[in-house]
> 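A single structure is presented below for examination.
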Amino acid sequence: MRIVTWNVNSLPARLPYVLEWAEANGPDVLCLQETKLADDAFPEEALAELGYQVAHYGDGRWNGVAVASRVGLVDPVPGFGSALDEQGCRIVAATCDGVRVHSVYVPNGRSLDSDQYPLKLTWLAGLRSYLAERAKPSEDLVVCGDFNVAPDDRDVWDPAAFQHSTHTSPQERQALEAIVDWGLVDVFRRHHDEGGIFSWWDYRAGDFHQGRGMRIDLALLTKGLADRSTAVAVDRNARKKSAAGNKPSDHAPVVVDVVG
DNA sequence: ATGGTTGCGAAGCAA
């Protein structure tokens, strides 16, 4: 099974790219973030033509997450079903061929002195509670998406440049570790030790071509599922203009292959 | 150089 997570930065703007990429790369499960759509505006037909069923959670112009699957999709659950959903439509779950899949878009936090920063930490704590209440580490389960946290300094182009910013603070990293410690594996690190492999680059100032990025798009798998992973890759080519001339998101898709 | 770009939506904010 090929599981992909991709922050598309508006599905209306990105649909041609997403369809082109999906046809070429054949994800069985495609988790999307920042769809920026209400549920009733989701392009179900375009994805159905490629064989995908979709669980989407979105309420308008911002945020919005989806799980698309061509290997079956049952038991969709939008949101936390708690006050955490007031921070936007940022989590949706569904079961795809026996794997419980969660697509998440963690709040950005904006800056360390913003009122959005403690809300980000609260949201991350809420994600851990959600897992603890509804799932077991012994299940085949994946939590993937845009975490807006770089797990360690290998995941940032220049740690010094982020000394006083979000995405690398000890509190954010600890909140992420608490989620992992529930019983998950950052499966990218099962296959790669090196730094400098990123999933997001700012659109501005030529950051992509200068190598100024971060790895903030993660796939967290329960151990049994991670043990069956055969490869993890970031398709940085998808951060460029596509062969068909479509404009890219500022995030690249992360591709996870598992067997069994 | 507190710059630069994209998306949304129609000015300025969020990322």
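Every chain is numbered from 1, with letters handed out A, B, ... down the list of sequences.
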> With a 4.0 Å cut-off, would you call A:Arg154 and A:Glu194 a salt bridge?
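Here A:Arg154 does not pair with A:Glu194 in a salt bridge, since their nearest N and O are not under 4.0 Å apart.
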> Side-chain donor-acceptor pairs under 3.5 Å in residues 180-188 of chain A, sequence neighbours left out?
unit_1	atom_1	unit_2	atom_2	d
A:Asp186	OD1	A:Arg215	NH1	3.2
A:Asp186	OD2	A:Arg215	NH1	3.4
A:Asp186	OD2	A:Arg215	NH2	2.8

> Among residues at least two apart in sequence or on other chains, which ones pass side-chain hydrogen bond (donor to acceptor under 3.5 Å, both in side chains) with A:His191?
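Partners of A:His191 under the side-chain hydrogen bond (donor to acceptor under 3.5 Å, both in side chains) test: A:Ser229.
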> A:Lys247 side chain N/O closer than 4.0 Å to the phosphate oxygens (OP1, OP2) of B:dG7?
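For B:dG7, OP1 or OP2 has a side-chain N or O of A:Lys247 closer than 4.0 Å.
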> According to side-chain hydrogen bond (donor to acceptor under 3.5 Å, both in side chains), who are the partners of A:His56, at least two apart in sequence or on a separate chain?
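Scan of A:His56 (side-chain hydrogen bond (donor to acceptor under 3.5 Å, both in side chains), adjacent residues dropped) gives A:Thr35, A:Asp39.
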> For A:Ala252, does its backbone N or O pair with a side-chain atom of A:Arg239 as donor and acceptor, under 3.5 Å?
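Checking the backbone N and O of A:Ala252 against the side chain of A:Arg239, no donor-acceptor pair under 3.5 Å is found.
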> What distance, rounded to whole Å, do you find between the two P atoms, one in B:dG4 and one in B:dC8?
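Their P atoms lie roughly 22 Å apart.
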> Rounded to whole angstroms, how far apart are OH on A:Tyr105 and P on B:dG7?
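Between P of B:dG7 and OH of A:Tyr105: 14 Å.
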> To the nearest angstrom, how far is A:Trp200 atom CH2 from B:dT5 atom P?
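Between P of B:dT5 and CH2 of A:Trp200: 15 Å.
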> Would you tabulate the side-chain donor-acceptor contacts of residues 130-143 of chain A under 3.5 Å, counting partners in other chains and residues two or more places apart, or write 'none'?
unit_1	atom_1	unit_2	atom_2	d
A:Arg134	NH2	A:Phe80	O	2.7
A:Glu139	OE2	A:Lys136	N	2.8
A:Asp140	OD2	A:Arg228	NH2	3.1

> Using atom OH of A:Tyr117 as one end and atom P of B:dA15 as the other, report the distance to the nearest whole Å.
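Result: 16 Å.
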> Quick one, which residues of residues 206-219 of chain A touch DNA chain B with a heavy atom under 4.0 Å?
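Result for residues 206-219 of chain A: none.
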> Find the distance A:Asp115:CG to B:dC13:P and express it as a whole number of Å.
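To the nearest whole Å, that distance equals 15 Å.
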> Among the candidates B:dG4, B:dA15, B:dT6, find the nucleotide nearest to the side-chain atoms of A:Ala205.
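Closest of the options to the side chain of A:Ala205: B:dG4.
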> Not counting sequence neighbours, which residues clear ring-ring contact (aromatic ring centres under 6.0 Å, His included) with A:Tyr117? List them please.
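With sequence neighbours excluded, A:Tyr117 shows a ring-ring contact (aromatic ring centres under 6.0 Å, His included) to no residue whatsoever.
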> If the P atom of B:dT2 is compared with that of B:dA15, how far apart are they to the nearest Å?
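Looking at atom P only, B:dT2 and B:dA15 are 23 Å apart.
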> If you assign each of A:Ser10 and A:Glu34 to its closest nucleotide in DNA chain B, which residue comes earlier from the 5' end?
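Residue closer to the 5' terminus by nearest nucleotide: A:Ser10.
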> For A:Asn108 and B:dC13, give me the distance from atom CG to atom C1', rounded to whole Å.
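Those two atoms, CG and C1', are 13 Å apart.
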> What's the gap between B:dA11 and B:dA1 when it is taken at their C1' atoms, as a whole Å value?
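25 Å, rounded to whole Å.
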> I need the CG-C1' distance between A:Asn9 and B:dA14, as an integer number of Å.
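Between C1' of B:dA14 and CG of A:Asn9: 10 Å.
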> Looking at B:dG7, I'd like to know if its phosphate oxygens (OP1 or OP2) sit under 4.0 Å from a side-chain N or O belonging to A:Arg14.
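Checking A:Arg14 against B:dG7: at least one side-chain N or O falls below 4.0 Å of OP1 or OP2.
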> Is the phosphate of B:dA15, meaning OP1 or OP2, less than 4.0 Å from a side-chain N or O of A:Arg110?
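Yes, such a contact exists.
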> If the cut-off is 4.0 Å, is A:Ser249 near the phosphate of B:dT6, judged by side-chain N/O to OP1 or OP2?
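No, no such contact exists.
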> Let's see if you can work this out: which of B:dG4, B:dT6, B:dC8 has an atom nearest to the side-chain heavy atoms of A:Arg204?
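The closest nucleotide is B:dG4.
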> Give the rounded distance in Å between these two atoms: CZ of A:Arg239 and C1' of B:dA15.
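A:Arg239 atom CZ is separated from B:dA15 atom C1' by 12 Å.
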> What I want to find out is whether A:Asp155 reaches A:Arg189 closely enough, with some N-O distance under 4.0 Å, to be called a salt bridge.
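Salt bridge flag = yes for A:Arg189 with A:Asp155.
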> Rounding to a whole Å, what distance do you find between A:Asn63:CG and B:dG7:P?
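So the CG-P distance, A:Asn63 to B:dG7, works out to 17 Å.
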> Of A:Pro12 and A:Gln116, whose closest DNA chain B nucleotide lies nearer the 5' terminus?
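Of the two residues, A:Pro12 wins.
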